[in-house]
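Reading through the structure tokens given below for one structure.
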Amino acid sequence: QVQLVESGGGLVQPGGSLRLSCAASGSIFIRGWYRQAPGKQRELVATINSGGGTNYADSVKGRFTISRDNAKNTVSLQMNSLKPEDTGVYYCSVWSTVTGRNSWGQGTQVTVSL
């Protein structure tokens with residue numbers, strides 16, 4: 001019922017920018033973005049609520065911006081001033097109304113390195 005496709009990842013130098021996008025289908029509510037660094041647990045990066053309010057992890061606050069287009073069922077993450085510690089696989093997160101659970105896509109790799 002839920003299909004998510006993340007895109008936009010790649011290799012960038014510290015201080016660079018990337019814009020991630022997630023195309024979603026199915027009976028879902030858009031939730032936000034998670035990431036998982038090598039050897040670490042998946043962590044919440046940014047959320048966006050039904051009213052458009054946003055929340056960010058302290059580590060990305062001021063550098064990342066989450067946005068959505070409800071009509072198109074897409075959510076994006078603009079990432080600026082990237083740091084090596086931002087490296088990881090980024091996952092789009094949605095809430096499935098069918099399963100009553102969060103759902104994630106396959107993720108897109110972000111590597112911040114010289």
Side-chain angles (χ1 to χ4, degrees):
Q1 286 291 119
V2 177
Q3 185 175 18
L4 304 173
V5 180
E6 297 99 335
S7 62
L11 173 64
V12 297
Q13 294 182 339
S17 297
L18 285 173
R19 185 175 179 86
L20 307 183
S21 295
C22 173
S25 63
S27 300
I28 56 95
F29 295 108
I30 293 172
R31 186 166 183 266
W33 289 89
Y34 285 73
R35 70 185 179 189
Q36 188 166 23
K40 297 183 178 180
Q41 292 183 310
R42 186 177 298 182
E43 65 174 345
L44 182 65
V45 175
T47 61
I48 185 164
N49 63 30
S50 60
T54 58
N55 284 286
Y56 299 90
D58 287 341
S59 60
V60 308
K61 195 172 298 181
R63 300 186 297 117
F64 291 11
T65 303
I66 187 171
S67 61
R68 72 181 177 202
D69 186 333
N70 286 330
K72 297 180 180 179
N73 257 3
T74 60
V75 59
S76 298
L77 186 69
Q78 178 66 45
M79 306 187 296
N80 298 325
S81 301
L82 283 161
K83 304 174 180 179
E85 51 262 44
D86 295 318
T87 293
V89 179
Y90 284 69
Y91 300 89
C92 176
S93 174
V94 302
W95 177 265
S96 171
T97 62
V98 175
T99 66
R101 289 183 145 193
N102 284 329
S103 183
W104 293 269
Q106 287 190 286
T108 184
Q109 176 70 45
V110 172
T111 303
V112 185
S113 179
L114 295 172

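Here the structure is a predicted model, which means the values were calculated and not measured.
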Give the C-alpha distance, both sets of side-chain angles, the deciding distance and a yes or no for side-chain contact (heavy atoms from CB on, under 4.5 Å) between L44 and R31.
CA-CA 10 Å; L44 182 65; R31 186 166 183 266; 4.1 Å; yes

Test side-chain contact (heavy atoms from CB on, under 4.5 Å) applied to I28 and T97, step by step:
CA-CA 6 Å; I28 56 95; T97 62; over 6 Å; no

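Considering OG1 of T87 and CD of E85, their distance stands at 8.5 Å, rounded to 0.5 Å. The distance from the OG atom of S103 to the CD atom of Q3 is 10.5 Å, given to the nearest 0.5 Å. For the atom pair OG1 of T65 and CG of L77, the computed distance is 8.0 Å after rounding to the nearest 0.5 Å. Rounding to the nearest 0.5 Å gives a distance of 7.5 Å between SG of C22 and CD1 of I30.
Following chains of ILVMFWY side-chain contacts shorter than 4.5 Å, one can reach V75 starting from L20, so the two form part of one hydrophobic cluster. Under the 4.5 Å side-chain heavy-atom criterion for grouping Ile, Leu, Val, Met, Phe, Trp and Tyr, L82 is not connected to V89 through any hydrophobic cluster. Under the 4.5 Å side-chain heavy-atom criterion for ILVMFWY residues, a single connected hydrophobic cluster contains both L18 and V45. One hydrophobic cluster holds both V110 and I66 under the rule that ILVMFWY side chains link at heavy-atom gaps under 4.5 Å.
The side chain to side chain donor-acceptor pair (under 3.5 Å) search around T111 returns Q109, not counting sequence neighbours. N55 meets the side-chain contact (heavy atoms from CB on, under 4.5 Å) test with T47; sequence neighbours excluded. For the side-chain contact (heavy atoms from CB on, under 4.5 Å) test, residues two or more places apart in sequence or in another chain that qualify with S81 are R63. Partners of E43 according to the salt bridge (Lys or Arg N to Asp or Glu O under 4.0 Å) rule, which considers only residues two or more places apart in sequence or in another chain, are R35. For A37, the side-chain contact (heavy atoms from CB on, under 4.5 Å) partners are K40, not counting sequence neighbours. In this structure D69 satisfies the side-chain contact (heavy atoms from CB on, under 4.5 Å) test together with A71, K72, T74, sequence neighbours excluded. Q78 is linked by a side chain to side chain donor-acceptor pair (under 3.5 Å) to R19, N80, counting only residues two or more places apart in sequence or in another chain. Under the side chain to side chain donor-acceptor pair (under 3.5 Å) criterion, S25 pairs with no residue at all, not counting sequence neighbours.
At a threshold of 4.5 Å between non-hydrogen side-chain atoms, the residues N102 and V94 do not count as touching. Here the side chains of D86 and M79 are not in contact, with every heavy-atom distance at 4.5 Å or above.
Shortest non-hydrogen contact noted between S76 and S21 is OG-OG, 3.6 Å.
Listed by chain and number, the hydrophobic cluster partners of W95 are F29, where partners are ILVMFWY side chains within reach of under 4.5 Å, directly or through others. Within the hydrophobic cluster formed by Ile, Leu, Val, Met, Phe, Trp and Tyr side chains joined at under 4.5 Å, directly or through other members, V98 stands alone, with no partner residue.
A donor-acceptor contact shorter than 3.5 Å is absent between the side chain of S93 and the backbone of W33.
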In residues 4-15, what donor-acceptor pairs under 3.5 Å come from side-chain atoms, sequence neighbours left out?
{"unit_1": "E6", "atom_1": "OE1", "unit_2": "Q106", "atom_2": "N", "d": "3.2"}
{"unit_1": "E6", "atom_1": "OE1", "unit_2": "G107", "atom_2": "N", "d": "2.9"}
{"unit_1": "E6", "atom_1": "OE2", "unit_2": "C92", "atom_2": "N", "d": "2.8"}
{"unit_1": "E6", "atom_1": "OE2", "unit_2": "G105", "atom_2": "N", "d": "3.3"}

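When ring centroids are compared, Y34 and W104 come within the 6.0 Å threshold.
Pairs of residues two or more places apart, or lying in two chains, never qualify as ring-ring contact (aromatic ring centres under 6.0 Å, His included) while including a residue from residues 43-67.
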